[in-house]
Amino acid sequence: MTLQELLAKDITNGRIFAIEARTEKKGLKGIRFVKHTTLTAQWGVNYSHVAAVKETVEANGGAKPNWFEHTEFDSIVRSKKNPEKLYLQVMNPRGFHTEYALEDGTPVTKADLIAMGAIKADEAEKPVTLVYALESIIAVTYKENRIKEVLAA
């Protein structure tokens with residue numbers, strides 16, 4: 001998804017939306033896999049609104065993430081190394097559903113990837129914040145739209 005496609009959805013601060021993303025990853029030991037995730041989140045939530053993140057920032061001496069910076073658009077951040085690389089920042093995600101597959105399409109579980117040494121076993125189950133490259137986002141759906149579509153049918 002491009003920035004213009006995302007902005008064209010006329011997202012308002014605080015709106016709940018569902019996101020679907022597909023990310024190709026190179027794990028530990030060079031094992032390549034695909035992570036397909038769906039979740040719900042709230043648009044426009046930033047560091048100043050989430051107590052858990054504020055505590056983490058304070059515990060780190062007030063240091064905020066050093067690899068990205070916020071843009072003028074709520075929830076959109078950019079890489080400091082490559083300012084053209086944009087990401088959607090998702091705070092306090094809910095309703096996670098993640099499927100994994102090897103590079104060749106063979107389905108695997110998270111436990112399989114841990115056993116292969118592709119990912120660490122201590123990866124947090126429910127992170128406070130996630131960042132997805134815009135091009136990895138397959139779809140953004142608003143709950144309001146789904147309700148309207150069901151009522152119209």
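Fair warning: this is a prediction, and the values are worked out from it, not measured in the lab.
- Here the side chains of I119 and F33 are in contact, with some heavy-atom distance below 4.5 Å.
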(message) Run V131 and F68 through side chain to side chain contact (heavy atoms under 4.5 Å, CB included) and show every step you take.
(response) CA-CA 10 Å; V131 183; F68 70 79; 4.2 Å; yes

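- When side chains are defined from C-beta on, F73 does not count as touching L6, because their heavy atoms never get closer than 4.5 Å.
- For residues 98-109, the salt bridge (charged side-chain N to carboxylate O under 4.0 Å, His left out) pairs, not counting sequence neighbours, are R32-E103.
- Every residue two or more places apart in sequence or in another chain was checked for a side-chain hydrogen bond (donor to acceptor under 3.5 Å, both in side chains) with K26, and none qualifies.
- In terms of the ring pair (Phe, Tyr, Trp, His ring centres under 6.0 Å) criterion, residue partners of Y87 (sequence neighbours excluded) are, by chain and number, W67.
- Within a 6.0 Å radius of CD in E84, no more than 12 heavy atoms belonging to other residues, nucleotides or ligands are found.
- Remark: T2 pairs with Q4, E5 by the side chain to side chain contact (heavy atoms under 4.5 Å, CB included) rule, at least two apart or across chains.
- The hydrophobic cluster containing F96 also contains V140, counting ILVMFWY residues as joined when their side-chain heavy atoms lie under 4.5 angstrom apart, directly or transitively.
- For K85, the salt bridge (charged side-chain N to carboxylate O under 4.0 Å, His left out) partners two or more places apart in sequence, or in a different chain, are E135.
- For L28, the side chain to side chain contact (heavy atoms under 4.5 Å, CB included) partners two or more places apart in sequence, or in a different chain, are K120.
- Side-chain heavy atoms closer than 4.5 Å link hydrophobic residues (I, L, V, M, F, W, Y) into clusters, and following such links, possibly through other members, connects Y100 to I31.
- Counting only heavy atoms from C-beta outward, the side chains of T37 and L130 never approach each other to under 4.5 Å.
- At least one donor-acceptor pair closer than 3.5 Å links the side chain of T71 to the backbone N or O of I76.
- Partners of E24 according to the salt bridge (charged side-chain N to carboxylate O under 4.0 Å, His left out) rule, which considers only residues two or more places apart in sequence or in another chain, are R22.
- Here the CD1-CE distance, from I137 to M1, works out to 6.5 Å after rounding to the nearest 0.5 Å.
- Among residues two or more places apart in sequence or in another chain, the side-chain hydrogen bond (donor to acceptor under 3.5 Å, both in side chains) test is passed with T109 by D112.
- For the atom pair CG of L88 and OG of S136, the computed distance is 9.0 Å after rounding to the nearest 0.5 Å.
- At a threshold of 4.5 Å between non-hydrogen side-chain atoms, the residues H97 and H36 do not count as touching.
- Interatomic distance, R78 CZ to L134 CG, rounded to the nearest 0.5 Å: 11.0 Å.
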(request) Mind running side chain to side chain contact (heavy atoms under 4.5 Å, CB included) on L102 and M116 for me, showing each step along the way? (result) CA-CA 11 Å; L102 295 178; M116 288 186 265; 3.9 Å; yes

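- Under a 3.5 Å cut-off, the side chain of T40 and the backbone N or O of R94 do form a donor-acceptor pair.
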(request) Apply side chain to side chain contact (heavy atoms under 4.5 Å, CB included) to the pair K110 and T98, showing each step before the final yes or no. (result) CA-CA 9 Å; K110 183 175 180 179; T98 303; over 6 Å; no

